[in-house]
Structure formats: C-alpha cells, structure tokens
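Inspection log for the structure reproduced underneath, given as structure tokens.
In the text below, chain A, chain B and the rest are named by the order of the sequence lines, each starting its count at 1.
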Amino acid sequence: MSVLAGKELRIVGFLCNWCSYGGADTAGTARAVQPTDLRIIRVPCSGRVNPLFVLKALMNGADGVLVSGCHPRDCHYSSGNFYARRRLELLKQFLPVIGIDPERFEYTWVSASEGQRWKDVVTNFTARIHALGPAPRWEDVPARYDMPVELLESLRPLGCGEHPALPELKQAIKDALAQGLEGVLGWKKGFDAIHAEPVFMTTPEEVDSLIWGPFNVQNLAVFLPQYKGRKIGVVVKGCDSKGVVELLSEGLISRDEVQIFGMGCNGTVNLSRILAKLPEGAAIESCACRGNKITVTAGGQTIEMTMAEVAQDKCRLCTKPNAVISDAFAGTPTTEPEAPQDGRLPGLRFLDSLSLEERMGFWKGQMERCIACHACRGACPMCVCRDHCVSDSRDPEWVTQEDTVQQKLFFQLIHAQHLAGRCTGCTECERACPMDIPVFALKQQFGRTIQKIFSYGAGLDVNATPPLLTYQVEETTIKERDLA
Amino acid sequence: MKIGVFVCHCGSNIEATVDTAAVARIALTYPDVVFAEDTMYTCSEPGQENIVQAIKKHGLDGVVVASCSPRMHEPTFRRTVERAGLNRYMFEMANIREHVSWIGRDREANTNKAAELVRLAVEKLRRDAPLYAKQFDVTKRVLVIGGGVAGIQAALDAADAGIGVVMVERESTIGGKMAKLDKTFPTIDCSSCVLAPKMVDVAQNPNITLYAHSEVESISGFVGNFTVKIRRRATYVDWDKCTGCGTCTEKCPTKNVPDAFNENISTCRAINIPFPQAIPKKATINPDYCRKIKEGKCGVCAKVCPTGAIVYDMADEIVEEKVGAVIAATGYDLMDWTVLKEYGGGTYPDVITSLQYERMMSASGPTAGHIHRPSDGMEPRNIVFIQCVGSRDCSIGRPYCSGFCCMYTAKQAIMTKDHLPDAEAYVFYMDIRAPGKMYDEFTRRAQEEYGVQYVRGRVSAIQPTVRPDGKVGYIVRGADTLLGKQVEVDADMVVLAVGVEGSHGAGHLAEILRISYDHFGFFMESHVKLRPVETNTAGVYLAGVCQGAKDIPASVAQGSAAAAKVMALFSKPKLENDPQISLVDIKRCVGCGKCIKVCPYQAIEEVDVRGAKKAHVIETVCQGCGLCTATCPQGAIQVAHFTDNQILAEVNALCQC
Amino acid sequence: MNTIRLDKARDPAFKRQVEKESGQNLSLCYQCGNCTAGCPGAQVYDRQVSQIMRAVQLGLKEEALKNRSLWLCLSCSTCSARCPNDIDVAAVMETLRMMARREGWVQDRPIESFWKAFLDTVKYTGRSYELGVMADYMARTLRGWGNLEIAPMALRKNKMPFVPSVIHGREEVARIFKRYAEKRS
Amino acid sequence: MKYAYYPGCSGHGTSVEYEASTRAVCNALNMDLVEIEDWNCCGSTPAHSVSHELSAALSARNLLQAAKTGADCVISPCPSCSSNLKMARWRMQNAEFKAKTDELLDAPTPANADGGADLMETYSVLQAIVENVGVDAIARRVTYPLEGLKVVTYYGCLLSRPAKVAQFDDPENPVSLDNVMKALGAEVLPFALKTECCGAAMGIPDVNIPGSLSGRILDTARAVGAEAVITACPLCHMNLDLRQRQAARISGKAFFGLPVFYYTQMIAYAFGLSREAMRLDKLAVNPYPLLDKIAARREARMAEALKTAGAAS
C-alpha cells in the first residue's frame with residue numbers, strides 16, 4: 001500500500017485495547033490533532049505483542065514502530081505489560097546488531113484517560129521518525145561479504161593430547177550400563193581421523209569406542225529431548241552441560257531420566273580452520289595429537305598446526321570447561337579461568353565495529369549466501385519445537401518459502417528471539433553452518449543484553465527462571481522511556 | 001469469502017475530512033470484498049437495516065464497518081450481523097473517526113489512511129472464524145468499596161434486590177464526607193438527619209456484611225467470580241463485645257489526639273468513637289497515641305470497659321470473600337492546598353478549609369455549632385470565602401473545576417449569616433457554577449436575601465497583620481475585576497473552598513481493580529456519556545466522586561445506577577464468556593509449559609494427551625490477553641481473533657517492500 | 001465612553017504579535033484578576049493589568065498600549081508568580097512597553113526620561129552614577145523634586161559620591177549603545 | 001571554589017555598607033573572590049525595559065570579562081544585577097537571540113554545543129553563601145549571637161523570581177535569609193510580605209510609589225513585633241531605610257524608627273568583624289540603640305550563666 005509520497009512515513013503502532021487504544025480514542029474525542037503517519041493495530045494487551053511482529057514490520061520496510069500499553073501496575077490483565085516491558089526493552093537493544101536504528105522502535109505507556117499524553121506521544125514519535133528519515137531499504141543497501149577473521153587469544157592453555165582420565169570415564173559408563181541404564185550418548189571416531197561422530201553406547205564394546213579430545217565438537221544435549229521417557233546417559237563437555245541444565249530447567253527432560261558423565265575439557269577445534277590449512281580436497285590420511293599440536297597427513301603432505309591456530313572461538317573464551325552438573329566426573333577438573341572483560345566472539349566484535357548501514361549490508365551479504373538448510377536449527381540443543389518450528393508452518397506463517405534475504409534473515413531472527421534468555425552459548429548453530437555464517441552473533445547480542453539488564457546467564461542453574469518468563473514490578477535496570 | 005464494507009459518514013464527523021465514497025471504492029479492490037458503500041449513519045436503524053439487507057442480498061460471510069471506535073459500537077454491529085444470520089464474530093471495525101477524521105485535517109492523507117485501516121480490518125476478517133460463547137456460574141454477591149453516601153445507596157439498593165453485599169470502609173464508621181457536613185444545599189437540610197437513617201439501614205440489613213476500619217488488600221478472578229482479600233485493620237477493641245457506651249473515651253487520659261473526623265480542628269482521646277451517629281458505633285484505639293500500646297503503661301480503658309472488650313495486642317486480620325461484581329465508591333479528599341504559600345501554606349490558624357468550617361458549624365462538632373476562630377476564639381465579624389483554591393489552577397497542575405464548591409460556599413455564607421447576623425461574608429469567585437435544580441436561585445438568595453458580598457476575582461495573597469488592638473487580622477488582597485480595581489478585606493477568618501481529588505490511595509486501588517485512573521486519582525468510566533458507571537473491566541462499577549467531582553444528588557443517583565447494573569448482571573442464571581480466548585493446537589504443543597508460567601489467570605493447565613504433556617485452556621477462566629500466544633515459540637497456542645496470522649496479515653498489509 | 005464595535009476594532013494580528021514577542025499564549029487568560037490583585041502598582045495604574053491582558057486578548061491595540069500602567073510597572077513579576085495559568089504576565093507587560101515605544105505611544109515621559117538618563121550615564125561612563133542620573137533626570141523633566149527630601153541624608157551619609165566612576169572599557173560599552181541605536185533606526 | 005565578583009554600581013554609591021560587609025563576610029567565610037576587571041553597569045531595569053538585546057549585551061560583556069578570571073561562577077550581592085546577568089545567560093541559550101545580541105557586541109560570544117552562548121553562570125552572594133558555604137558553617141563561626149533579636153526578613157522581588165530563571169528558594173515563601181538569621185541567633189518572625197515589591201527605582205520619577213509600598217512593609221513589620229528589617233538588596237534598602245521618613249509621611253503613619261540592615265552587616269556583627277566590615281554609620285535609621293540592647297541581653301545571659309556555673313561548683 002502506498003505511503004503518501006513525501007508526506008508520510010510508514011509508522012506502525014501496536015496498542016493495547018484497554019489503555020492505549022482508549023487513550024487514542026480519548027485524544028480523538030478531544031479533537032487533538034496529530035500527524036497522520038501512524039497506523040494502529042489493535043491488540044488485547046501489550047503482552048500480546050510478540051517482538052517478532054515489531055521485527056517483521058521493521059524488516060518489511062516500516063520506518064518506525066511504536067508499542068503502547070497500560071502503565072505498569074495498571075494492566076487490564078494485571079501483568080501483561082510487565083512481560084512486554086522486558087521483551088520490548090530487550091528487542092530495542094537487539095536492533096542495532098542487524099543494522100536497524102533502535103530509535104525507530106519505541107514502547108511507552110498511555111492510559112485510556114490520557115488523550116493529551118497520547119497526542120504528545122504520537123507527535124513526538126512521528127517527529128523523531130521524520131528526523132531519522134525513511135528507513136534504509138534492504139535492496140538499496142550494498143551487500144558486503146567480508147568476514148570476521150580475528151583469532152582471539154585463549155584465556156587458558158588449550159590442548160589436544162590423550163586425556164588421562166578416559167579409562168576412568170569409560171569404566172563409569174560401563175558401571176552405569178550394568179546398573180540398567182539403557183544407553184549413553186558419546187562420541188566415537190568418525191569417517192576420518194579429524195571427524196568424530198555421536199554414538200549411543202549400549203554395550204561395553206561400544207563404550208570402548210568412546211573418544212575424548214579436540215574433535216568432539218557436537219553438543220550431544222541436542223539429542224536428549226527425543227529420549228524423553230527413557231533412562232539414558234550423556235557425556236558432556238562443560239559447554240554441553242549448560243545445555244543439559246537449560247533443558248532440565250525448562251522441564252524438557254527429567255533429571256531422573258538422564259545421567260550426566262563429565263570430564264575436564266581442554267578445547268575443541270574448528271574443523272574449517274584445519275581444512276583451510278590442508279591441500280584443497282585432499283583426503284585425510286592420519287592425524288596425531290600431542291600437547292597442543294595437531295599433525296595432519298593429507299594428500300601426501302604432513303601439516304602441523306597448534307590449538308591456538310585452529311581451536312573454536314568459544315573455547316578460547318570458555319570459563320566453564322568442566323560440566324556444571326554431572327553424576328560422574330572423571331579425572332581432575334580443568335582449571336577454570338576468570339570471566340573475560342569482553343566476552344564477545346569475533347562475529348559480534350566485527351559487527352560492533354561496523355556502522356548501522358554496514359551491518360545491514362553485512363547481513364544482506366551473509367543471507368545471500370545462506371542456503372536455508374536449517375543446519376543451525378538442527379544443531380541447537382535449545383530448539384525444542386522440532387517438527388513444529390514456525391518457520392515450516394503456514395499457521396502461523398511467520399516466514400514464507402520465498403528465497404529472499406529478508407525471509408532468510410527473519411528465520412535467523414526467530415531463532416535468536418526464541419533463544420533469548422535460553423541460549424547457553426554453545427555456538428553449535430555457527431559450527432553446523434556449512435557456509436560459515438556467523439549466526440551466533442545474533443544470539444550473543446541478546447545474551448549480552450540479558451546479562452546487562454538481568455544479570456542472567458542461561459544454563460547455570462536448574463532452578464532459575466529465565467528472565468523473559470518472569471518480571472519485576474519495578475525494573476531498576478530498565479530505564480523508563482517517556483515519549484510524552 | 002464474501003466481505004461487505006460499510007464506510008460511515010457519521011454525519012459530517014467523518015465525511016468532513018475523509019472522502020468516504022473514495023474509501024468505499026478503494027475497499028472494493030481488496031481481496032474478498034464483494035460489496036462496499038458509504039452510508040450516512042451506519043449505526044442508525046436504517047443504517048443497520050442496510051447491513052442486514054446487504055448480507056442477505058450479496059450472501060456476505062463477513063462485514064467490515066469503518067466508522068467510530070470499536071470501543072463504542074462494536075457490540076452494536078455484532079448484534080446487527082447476528083440479526084442477518086451471521087456469527088457475531090464475523091465482523092471487524094476500522095476506526096476512522098477517533099483515529100482519523102477527528103485528529104487529522106488533511107483530507108487526502110485522511111482518506112488514504114482510512115482506506116488503509118479498512119484494509120487492515122479486511123485482512124483480519126479474512127482470517128476470522130465463527131466463535132461461540134461458553135456459560136459459567138456467577139457468585140451473586142457484590143463488593144462495595146467505600147461507605148460514603150454513594151456506596152451506602154448502592155449497597156442498600158442491591159441488598160433490597162436480594163443481593164448479598166460486602167461493604168468495605170476504610171474509616172471506623174461509614175458515612176463518608178456527607179456525615180461531616182452540617183447542612184446540605186440548596187434546601188439547607190440537616191445533613192445527618194438525611195444520612196443517619198440510611199446508615200442505620202446498612203447496619204440492620206441482613207444482606208449487608210460491613211467491614212469498617214478495613215481495606216481491600218487484593219482482588220483476583222474475573223467478572224462473576226472475584227475473590228477479595230480484605231484487611232481488617234486492628235481496632236484493639238473486640239467489636240463483638242463493644243457496646244459503644246463511651247466510658248473508655250471518657251476515662252482515656254490521652255487527650256491530644258488530632259480528631260480526624262473533625263478535620264483536625266479539635267482533639268479527641270486515644271480511644272474514640274468518631275461521632276454520636278457512627279455506624280458501627282464502636283470504639284477504636286489509635287495506636288500512634290495510646291500510651292498502653294506505645295509505652296506499655298496506662299491500661300485505663302481496659303479497666304473501665306464494662307464488657308472487657310479491649311485487646312491491646314490485636315493484629316490485622318485478612319478475610320476472604322467471594323463476589324461476582326465490585327462497586328468502587330471511594331469518594332474524594334481535598335487536594336493539598338498547603339502548596340499555596342501565598343495563602344500561608346497552612347501556617348495561618350484562622351485560614352481554614354470549607355470542610356473544617358463545616359465541622360465548626362455543625363451542632364455535633366467541636367464548638368457545638370458556634371463559630372469561633374481557631375487562633376483566639378474570637379467571634380469573627382468579617383469572613384472571607386475564597387473559591388477555586390486548587391481548582392482551575394494550571395500553575396499547580398489542577399486544571400479542572402471541582403464542581404460543587406460554588407454551591408457549598410453559598411450555603412456556608414448563608415449559614416454564616418444565620419449564625420452571626422452581624423457578620424459580613426465576602427465571597428471571592430471567578431464564575432458561579434450553579435446548574436442544578438434550584439441551584440442558581442440558591443446562590444442568588446445568598447446575595448439578595450442574606451446580603452453576602454460576592455466579589456469577582458481571585459485572591460492574590462493573604463497577609464496576616466496585627467491590628468492596633470493587638471488582635472491578628474488577615475489582609476485578603478484580591479481584585480474586583482468588574483470594577484477594575486485592586487481590593488482588600490481585613491478579615492477575621494478566611495475559608496478556602498479547596499478543590500477535590502480522588503481519595504488518597506485511589507490509584508493503588510485502581511491497580512488492584514485493574515481499572516484506569518487519571519492523574520488526579522479519579523477512576524475512568526467506560527464511556528464518558530453513555531457508560532458513566534461502568535469501567536472497562538467487566539464486573540467493576542463506579543459510584544460517586546471517585547469517578548469525578550459531583551454533588552450529593554448525583555452521587556446518590558450513581559450509587560443507584562451502579563446497583564442497577566449489578567442487578568442486571570446478576571439477573572441471568574449464568575454469564576457468558578467472551579469467546580475471543582486462547583486455544584491450544586495439540587499437534588504443535590511440545591508441553592514446555594511456558595504459557596502456564598506466564599498466564600495471569602492460571603487459565604492454562606497441563607494435561608496428559610496419550611502420554612504426552614500438553615497445555616489446555618480453561619475456557620471460562622481465560623480472559624483473552626494473548627500473553628501465552630506471544631510466549632509460545634511454536635505458535636501452538638493462539639488467541640482467537642488476535643492470532644499470529646491475523647496480526648501478521650495486518651503488518652504485511654501495511655509494510656510490503 | 002464610546003461603544004467599541006468589536007467587529008471593526010479587533011486586530012487579531014496585534015494579539016499574535018504580542019504572543020510572538022512575549023512567548024506567551026494570551027488565550028490562556030481567563031480573567032481571574034489575580035495579576036491585578038497582587039500588583040504593587042495597581043493603586044497608581046490607570047488601567048489594571050488584567051484589563052490590559054483583556055485588551056490584548058480582544059486585539060484592542062490602543063487600549064493595550066496607550067496607558068501609563070505600562071510605564072509604572074515595577075517588573076516585580078508578582079503577577080507571573082501567581083497567575084493560575086502560568087502566563088508570564090510581566091513578560092507581556094514588558095513586550096507591550098517596547099511595542100508602545102515603537103509606536104511612539106509613550107504615556108509617561110518622565111519615566112522614559114529617567115531610563116534615558118540612566119542609560120546615557122551608562123553609555124558615557126560604563127557605569128551608572130546615581131547623582132548624575134538624578135540631576136540629568138531632573139533637568140530633563142523638571143520633576144523628581146520629591147527626592148530632594150532624602151538628599152540631605154544621602155549626602156550626609158556620603159552615599160552619593162560627586163565623582164562618577166569611569167571604566168576603561170567605556171568605549172566598548174558606548175559601541176554597544178551605538179550599534180543598538182543604529183539597529184533601531 | 002573561586003568566584004568572579006560583580007559588585008554592581010550601587011556598591012560605589014548608595015550601598016557602600018553592603019559592599020564593604022559583603023567582602024568582609026566572604027573573606028571571613030574563606031570564599032575566594034576575584035573582582036571582575038573593568039566591569040560595566042548591567043543596565044538594570046531601564047535596559048531590559050527598553051530592549052532585551054541591549055540588556056543582554058551589557059551583561060554579556062561582564063560575563064566575558066568574568067570568564068577571564070578563571071573562576072567557577074559569577075556572584076553579585078545585588079539581586080537586580082544577578083538577575084540581569086542570569087537572565088542574559090538564560091536568554092542567550094537561544095541561538096536566535098544570541099545572534100541578535102552578538103550584533104551589538106565587538107565580537108560574538110562563544111557558542112556551546114546547542115548553539116547557545118557559552119557564558120558563565122551567575123548567583124547571588126546569598127545563594128552562594130547558603131548553598132556552597134551553608135548556614136551550619138555560619139552558625140559555627142558566630143561569636144556574638146544576636147540574642148533574641150526579633151527581625152523580619154525582606155527579600156524583595158528578584159532574589160527568587162522569576163522562578164524559572166532564578167532557580168533559588170521558594171518564590172512565594174523564601175527561607176534562605178531566615179535560615180541565615182536563625183544561624184546568627186536572631187528570632188525570625190513570620191512575615192507575609194517577604195516578596196512584596198518595595199517600589200524599586202520608581203522613587204526617582206514618583207516618590208509616592210515606593211513611599212506607600214515601603215510604608216506598608218514597614219508598618220506590617222512593626223505590627224508583627226519586629227525590631228529590625230533584614231534585606232539583601234540595595235534598592236530595597238534605600239526605599240526602606242533612606243526613605244523611611246518619607247514612607248511614613250506618604251502612608252500616613254508615624255515614623256517607624258525600624259533599623260534596616262543588610263544581612264551581611266548582621267553576619268559581620270555576629271562574627272565580631274571590624275567596624276569597617278559593617279559600616280553601620282552609613283545607615284539612615286540609627287541602629288545603635290538596638291545593638292546596645294542586644295549587647296545588654298548578651299551580657300545579662302552571660303552573667304546568669306556564670307552565676308549558675310558558680311552555684312553548681
């Protein structure tokens with residue numbers, strides 16, 4: 001639909017039926033003249049406003065989006081706006097990472113009696129959007145294809161040698177199987193020397209195939225929900241264990257149905273980094289690991305590399321190398337480093353260094369490369385919707401099957417939004433991406449905001465309530481925003 | 001789907017700034033729209049009939065009306081489409097009056113905007129499904145909050161209709177502000193003679209349960225089924241035993257307690273019954289002053305009480321009541337006029353409020369009806385009344401007229417002349433607002449019969465001075481704008497007609513009741529003209545000044561009106577829910593329980609469906625807020641008529657690039 | 001008094017001009033008279049502040065500008081402090097005074113002369129000089145004799161030095177006045 | 001804190017005693033004052049009555065001179081001067097007004113980030129004493145308390161008005177002077193005319209205006225039992241003190257005989273500063289009988305205290 005050329009910008013408002021919609025009526029009844037740009041969508045409650053609606057509007061070309069609800073403590077449904085406040089504040093702080101000016105989105109509170117306030121809100125917000133001008137359009141922004149290349153310094157020494165406690169771990173698993181555990185998820189050697197693959201160990205022989213080392217990259221927590229109702233075990237690295245904790249805290253698996261086997265982790269590799277050092281397309285013949293050195297023979301060449309060169313980014317800043325929860329822990333725990341000042345991985349560091357428009361261009365370039373295989377989703381232990389992912393559904397139909405940058409990015413936004421407050425930072429989404437798109441940056445943007453506002457990190461406490469499923473009547477860390 | 005669109009002119013309300021014919025033409029280009037036209041008054045009988053005929057003639061499956069706010073006429077048009085055989089929920093509205101024609105002057109922009117809003121409504125309607133209401137039981141009892149004249153009237157009317165009433169009053173007696181008044185305008189009736197019999201009726205009516213000295217702590221539930229927690233504040237007297245004999249008060253040695261009932265112009269004892277006609281007539285100890293409670297010494301009242309009713313270690317008690325409806329009648333308080341330093345800010349003893357003056361004139365008041373000024377007991381000769389103190393004053397954030405001050409000021413001036421025939425009464429006013437029956441005549445009588453001197457102008461300042469005889473005087477400096485002169489009166493006493501605001505704590509109560517309130521603590525009615533005693537929360541009604549300044553007859557009328565609304569609500573054997581509620585798609589639900597966690601009404605329960613955990617909505621409990629829908633990652637729980645797909649369709653209609 | 005034909009006499013542009021120059025919304029005034037009530041000059045005014053405000057509201061330019069009150073205003077701001085509608089009435093009075101000067105409708109020459117005398121002293125010396133101002137003023141207007149009543153005491157207490165203080169930057173100050181005069185003409 | 005000091009023209013004429021006592025008191029309170037070099041008249045009421053730009057230009061020159069001192073802010077004892085300096089800075093925050101005013105100056109004023117003029121802030125000396133030094137510090141320094149002296153404080157129009165520019169004390173019921181006087185041991189009587197206008201400079205063209213207005217202030221002060229009036233403004237002081245006889249005559253009252261002090265003179269007295277720090281000789285209404293009374297009360301109290309102490313030991 002056409003916006004009156006030159007006169008109006010496209011501003012979408014989501015107003016709760018009881019307070020703000022009434023406030024807009026009161027303003028109308030008082031003939032309080034306002035700019036004509038705003039289009040109001042009536043919703044029952046500001047708590048009904050899924051932040052994805054706002055993202056949808058902004059992705060599809062809205063120049064500004066306004067959400068308005070009842071004043072805190074005066075919600076018609078008693079607490080809807082409290083949830084809305086958390087979700088919308090988080091959204092506002094998320095927007096810059098995809099190159100959208102957060103000033104284009106605002107949320108506020110207007111009661112049904114506040115006609116004058118509503119007029120001020122509309123007038124001020126419209127003036128703000130006009131000052132910002134039309135939103136940059138995805139088709140106009142130049143795509144860029146440069147990638148973060150930074151190699152972060154590791155917080156602790158990473159290693160790849162034989163783990164001395166592996167026999168102890170195997171014995172613990174064998175004992176557990178003997179006591180009636182149906183099977184235990186672990187890793188075994190894969191199709192070549194640098195690939196590991198998951199194994200569901202049910203016999204002592206299978207347990208003997210268990211390996212532990214830099215190639216055990218998969219987060220096995222991803223398989224746990226599908227074993228629901230069966231008593232099984234899982235072998236975890238520190239990062240994997242956080243996923244288990246989060247699944248437990250959300251009630252998606254039961255504590256009495258899962259046994260957790262842990263061992264100190266010394267880091268895992270980013271396979272793309274190894275492959276990049278090898279002759280293109282060469283088959284891997286052998287691999288030897290000692291200390292922090294990996295020696296790979298491929299295509300007749302023997303190439304030596306260090307963990308410092310090929311380790312996964314997350315391992316470099318890892319502060320939880322040991323399982324945060326376990327029933328059996330083999331060997332001595334790895335020393336845990338202090339949390340770094342700056343926990344950003346290269347993806348987010350790179351995005352932070354770009355201007356808003358450059359960030360848009362970045363995602364445009366990356367999403368052009370995206371093949372929509374959804375491997376990111378498959379690898380994510382917290383993606384529990386499985387067959388019911390909204391990206392595959394027509395009711396609701398959040399994304400179409402259209403192969404456009406916006407649709408593909410919107411899937412990533414859904415994923416990131418669904419993980420807000422739940423993502424444990426295992427970066428499996430990014431690892432699994434065949435195109436090496438740094439999609440974890442979107443989740444980390446949410447994660448750091450949640451850490452900042454709610455001092456909350458997911459996957460650390462089984463009894464914690466994720467911040468988006470609760471609220472405080474007075475939010476001391478959320479600045480009251482006032483448009484009037 | 002076949003959709004019909006009706007674009008209303010609303011006379012010239014919409015047509016003046018929106019080209020409704022053009023909107024109708026554009027609407028015809030929208031998907032599924034097979035019929036569109038502009039009509040003069042869609043809500044009028046011919047307008048509605050027109051819709052009915054169009055549905056029949058064109059076989060419409062759904063209707064969009066573009067007119068006023070759905071908060072106004074959505075129920076009207078739902079009935080209209082139902083008359084034509086459609087499901088009442090196959091209807092949507094586009095608000096092109098309050099949100100378009102009344103707020104924008106640019107006809108082109110308005111027309112475009114109106115057409116877009118119609119588009120939103122069409123897109124929403126295309127995804128609507130017929131809905132059917134469910135019935136649920138209703139608790140036929142009503143909670144009345146506040147025992148002033150409005151609350152009393154509401155309680156008595158409801159009780160007379162056989163409805164159980166729970167009345168909660170913050171003070172230790174009912175009666176409210178009216179009980180403090182000496183006389184009432186325009187008849188100069190004795191206030192307590194009119195009110196006291198009604199108060200007695202409240203006490204004696206078997207259908208009424210009265211909790212005095214109590215406050216509403218919390219309310220949960222919804223229309224028909226509220227659960228109320230009431231805090232019975234400790235009185236330190238067992239009211240079942242107290243006979244109201246007054247011996248305790250007589251013997252209490254603590255005599256310096258500010259007497260709140262007498263607006264603090266006098267003192268009372270630490271154990272007290274506010275006034276002779278109090279209901280309930282029971283004593284209450286003020287723990288801030290009681291020596292026994294504060295210091296552990298004394299205990300005189302316990303010694304003299306003939307029934308042994310004194311309980312020094314009494315604690316607050318929480319009681320729970322179940323009701324189906326609530327009437328808020330919490331009245332008002334005077335605004336804090338001490339911000340007005342030019343009137344002394346409360347430091348001049350002989351500058352008092354009209355309510356204090358009322359107590360002074362009352363025969364049951366502290367001076368037994370004799371007018372003596374507080375500072376030295378002198379009988380005043382010159383009394384100045386200042387109107388609009390804290391009313392119509394934007395500089396202190398009080399833009400509104402308090403409504404009844406003009407009338408009671410006239411009454412008090414007349415009463416002054418009655419009490420002190422030789423005294424002079426001056427009234428400084430800006431405008432006299434006397435629109436009620438016999439009201440203007442009354443203010444005229446004050447001037448014509450009683451010789452009250454009215455002066456048109458505000459008072460700039462009150463300046464105390466010491467007269468040659470050593471007595472304090474108050475130079476009241478104002479203007480006579482009719483004369484165009486500055487004028488002064490050397491007054492003995494000044495009475496301020498202080499403006500009103502919502503009762504202290506009204507905002508907090510509004511939050512408990514989930515109703516809107518304004519900046520001044522007044523509760524917001526559902527529609528300013530047509531639904532004056534209803535609120536936007538079903539089952540919660542308003543009576544009296546809590547909704548806005550009004551005098552006694554209007555408060556009484558509203559009390560009866562609120563009671564009538566409750567009777568109508570309770571007249572049905574069962575209530576019907578609004579079926580625009582959430583529904584779980586069992587196939588999509590993974591049983592994660594996030595919806596259960598956030599639901600404000602505990603309306604979602606966990607059920608076992610063939611061994612799998614699933615969410616299930618209790619239909620009569622769900623209020624349709626949609627918080628669950630926004631929470632569920634899979635989109636497995638959808639609130640009807642505000643589904644993800646409907647809102648997405650609206651967003652997509654607006655933003656397509 | 002002549003009847004005012006409002007349809008002819010009203011000058012809405014005048015009201016707008018006053019509003020623009022004073023930054024005040026005159027429509028907010030509801031004529032409560034509080035400005036008049038608190039005005040220390042009310043007793044000597046020939047037209048009360050509230051009446052002047054009314055004249056501006058109606059757009060009656062002469063009524064608003066041709067009066068002595070504008071010149072007797074003490075700029076004490078009591079009217080502004082007590083206005084229930086938060087109108088800066090003193091700013092309106094000051095605006096009207098400037099407009100009256102522009103129109104050549106000064107109704108109180110002596111007071112204007114006092115200002116001129118005062119400002120001339122500042123212009124020539126950089127500072128004000130009470131005795132000089134007084135003498136200049138009395139010479140210009142042949143008025144102000146009432147002040148002679150306090151002169152002996154002032155002189156006895158040596159409160160009025162006979163020599164003005166002159167600042168180094170007096171030419172700089174004079175240039176301010178010169179530019180101001182050029183801009184006005 | 002370092003203050004750029006603006007004495008104002010009357011400090012060299014009618015209010016030499018204010019000027020002397022202000023400097024002495026600031027010195028006693030360890031306030032670092034640097035007089036603005038070659039300051040000019042702020043233009044007073046005549047300038048802003050004639051043109052806001054002219055008034056602002058005269059003030060702006062002073063504020064630019066003040067900036068050269070490297071002080072934190074400007075202070076002035078005279079409410080009219082400080083009001084003008086404050087108002088100039090306030091008006092010149094508006095870029096358009098700044099541009100118009102700059103046209104009158106030799107060189108334009110420096111601009112701040114918002115396009116307004118970057119000028120130093122001005123406070124009255126009273127505000128600086130009350131807010132930066134504090135009345136507690138004054139109370140601690142008192143050696144000769146004003147034993148039972150009953151005073152009314154008279155602020156005049158401009159100390160706290162217009163509120164949006166003055167940003168000091170309550171516009172209707174200011175209390176800063178009251179607190180200072182209480183710290184000195186005086187009893188401050190309730191006085192409704194604290195901010196009523198005294199007639200300002202209208203005495204020059206028409207003595208009847210300040211005559212009647214000041215007459216009323218003095219009459220009420222006497223009626224409530226004041227022994228003295230305390231003021232902070234040279235113009236007010238002139239109308240209440242120098243014109244006191246005239247005021248009595250014009251308002252048809254008997255001569256009030258009420259001494260009118262600058263608050264700084266009272267501080268100087270209570271601190272026991274030198275005669276030159278008070279310049280009581282400059283007052284028109286004879287203050288000495290009253291001061292003798294205070295001294296007598298003090299001596300009586302001391303004697304009483306000694307007696308009690310003796311009896312106790």
Q | Pairs of heavy atoms under 4.5 Å with chain B: top-ranked of C:L28, C:D86, C:I87, C:N34 | A | C:N34
**Q.** No-hydrogen, no-angle side-chain donor-acceptor test under 3.5 Å, C:R54 and C:Q57
**A.** yes
Q. Side chain, backbone, both or neither: which part of C:C83 has a non-hydrogen atom closer than 4.5 Å to chain B?
A. backbone
Q. Would you say the side chain of C:M99 lies within less than 4.5 Å of the side chain of C:K61, judging by non-hydrogen atoms?
A. no
Q. Do B:S375 and B:K471 get their side chains close enough for a donor-acceptor pair, meaning under 3.5 Å?
A. no
Q | Segment of B:S460 engaging chain C (4.5 angstrom heavy-atom cut-off) | A | both
Q) Pick from C:A42, C:G33, C:C39, C:C32: which one has the most heavy-atom pairs with chain B under 4.5 Å? A) C:C32
**Q.** Heavy-atom pairs under 4.5 Å with chain C, option from B:G457, B:G478, B:P399, B:C388 with the top count
**A.** B:G478
Q.
For B:R392, which atoms come within 4.5 Å of any heavy atom of chain C: side chain, backbone, both, or neither?
A. both
Q) For the residue pair B:Y439 and B:F185, does the interplanar ring angle fall in the parallel (under 30°), tilted (30 to 60°) or perpendicular (over 60°) class? A) perpendicular
Q: Could you tell me which portion of C:Y45 (side chain, backbone, both or neither) has an atom closer than 4.5 angstrom to a non-hydrogen atom of chain B?
A: neither
Q: Using modelled atom types only, decide if a donor and an acceptor are shared between the side chain of C:S50 and the backbone of C:Q31 within a distance under 3.5 Å.
A: no
Q: Pick one of side chain, backbone, both or neither for B:V459, based on which atoms fall under 4.5 Å of a heavy atom in chain C.
A: backbone
Q. Side-chain donor-acceptor pair under 3.5 Å between C:Q43 and B:Q486, yes or no?
A. no
